[in-house]
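Below is one structure, written out as structure tokens; comments come after it.
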Amino acid sequence: MSDEKERREAEARNEDPITGQPGSHPVGAGIGAAGGAAAGAAVGAAGGPVGVAVGAVIGGVAGGLAGKAAAEAFDPTVEDAYWRANHPSQPWVDRNLDYEADYAPAYRYGSQEYATRRGSWEDAESQLEKGWDDFKGGSRLKWEQAKDAVQAGWRRVERAISQDADTGDRSHPPADFESTAGDRC
């Protein structure tokens, strides 16, 4: 099996970089742990230095678990399958560019970033623009060409996660979910 094919299959399984186990969400867990540790330390401050330390540890563990759960609210494999099937009908598509090489990284960037950052598109857009060149790999899309696909990936996961939070349902948006550049997804 080629190295490139193995890399793609590992990416599709979302493997833990250390253990190789599928379904890893180290970024989500790390962000949650950092936030939880800070919150725990602040709460523990009432107990002095020992309270800060204990609060940070407890908050870090709880935050890490919460961050991992949030990151698991979307499945990169499901998202790729959705965009692979629905990409051709999107109004921003340049037919001279390739889905796999050019657009898939943009959809992936939007969905992964929403799952780890949350918040509003408007607040995140400028940071996403700055990070696009580092993330895009071999994609030929400049930010202005990629922006609609990045935003579509962001909005789709945003809806999935908010639906999960509202209903407790961990399924993804229905197959008939469509995005358009006109309504910004």
Side-chain angles (χ1 to χ4, degrees), residues 8 11-12 14 24-39 63-64 66-167 170-185:
R8 281 194 200 141
E11 186 176 280
N14 201 30
S24 168
H25 297 284
V27 173
I31 289 170
K68 183 177 187 287
E72 288 174 348
F74 92 101
D75 180 340
T77 305
V78 169
E79 296 308 308
D80 182 59
Y82 174 84
W83 287 115
R84 187 176 300 282
N86 290 282
H87 169 75
S89 65
Q90 301 307 311
W92 57 78
V93 172
D94 178 338
R95 306 280 177 231
N96 295 318
L97 297 172
D98 181 62
Y99 169 79
E100 190 69 39
D102 298 311
Y103 285 98
Y107 294 118
R108 188 177 317 114
Y109 184 50
S111 61
Q112 287 177 357
E113 288 298 307
Y114 181 80
T116 58
R117 289 175 187 253
R118 306 285 178 97
S120 75
W121 167 260
E122 293 74 19
D123 290 343
E125 183 180 356
S126 66
Q127 290 180 322
L128 294 171
E129 180 179 3
K130 289 175 188 169
W132 172 242
D133 284 338
D134 291 333
F135 185 89
K136 73 180 187 174
S139 174
R140 294 174 284 180
L141 299 179
K142 301 284 186 218
W143 173 250
E144 284 306 313
Q145 296 170 292
K147 183 169 92 172
D148 287 330
V150 173
Q151 185 178 31
W154 176 282
R155 296 287 191 202
R156 181 169 150 79
V157 173
E158 177 181 46
R159 286 182 177 156
I161 290 176
S162 72
Q163 178 183 7
D164 292 349
D166 291 346
T167 66
R170 294 188 59 95
S171 64
H172 295 279
D176 63 351
F177 169 83
E178 291 186 24
S179 64
T180 64
D183 71 358
R184 293 299 205 210
C185 307

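Heads up: numbering here begins at 1 and tracks the sequence.
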Approximate separation, where rounding is to 0.5 Å, of Lys136 NZ and Arg108 CZ
14.5 Å
Non-hydrogen side-chain atoms of Tyr107 and Gln90 separated by less than 4.5 Å:
yes
Take Val93 and His87 through the test side chain to side chain contact (heavy atoms under 4.5 Å, CB included) and record every step on the way to the result.
CA-CA 7 Å; Val93 172; His87 169 75; 3.3 Å; yes
List in chain and number order the residues that pass side-chain hydrogen bond (donor to acceptor under 3.5 Å, both in side chains) with Glu122, two or more places apart in sequence or in another chain; answer none if no residue qualifies.
Arg155
Taking side chain as C-beta onward, heavy atoms only, is Glu79 less than 4.5 Å from Val157?
yes
Just wondering, do Gln145 and Asp102 contact through their side chains at under 4.5 Å, heavy atoms?
no
Of all heavy-atom pairs linking Glu113 and Trp154, the shortest is C-CZ3, 3.8 Å
Please identify each residue that fulfils side-chain contact (heavy atoms from CB on, under 4.5 Å) with Gln127, with sequence neighbours left out.
Arg117
Enumerate the residue pairs fulfilling salt bridge (charged side-chain N to carboxylate O under 4.0 Å, His left out) with a member in residues 84-97, sequence neighbours excluded, ordered by first and then second residue.
Asp80-Arg84, Arg84-Glu100
Kindly give the heavy-atom pair with the smallest separation between Arg140 and Asn96, and that separation in Å.
NH2-O, 4.1 Å
With sequence neighbours excluded, residues passing side-chain contact (heavy atoms from CB on, under 4.5 Å) with Glu125:
Trp121, Trp143, Lys147
Results of side-chain hydrogen bond (donor to acceptor under 3.5 Å, both in side chains) for Asp123 - residues two or more places apart only
Ser120
State, yes or no, whether a side-chain contact exists between Trp83 and Tyr99 at a heavy-atom distance under 4.5 Å.
yes
Heavy-atom closest pair, residues Phe135 and Pro105
CE2-O, 3.2 Å
Tell me, please, which residues at least two apart from Tyr114 pass side-chain hydrogen bond (donor to acceptor under 3.5 Å, both in side chains).
none
Which word best sums up how the rings of Tyr109 and Trp132 line up, parallel for under 30°, tilted for 30 to 60°, or perpendicular for over 60°?
tilted
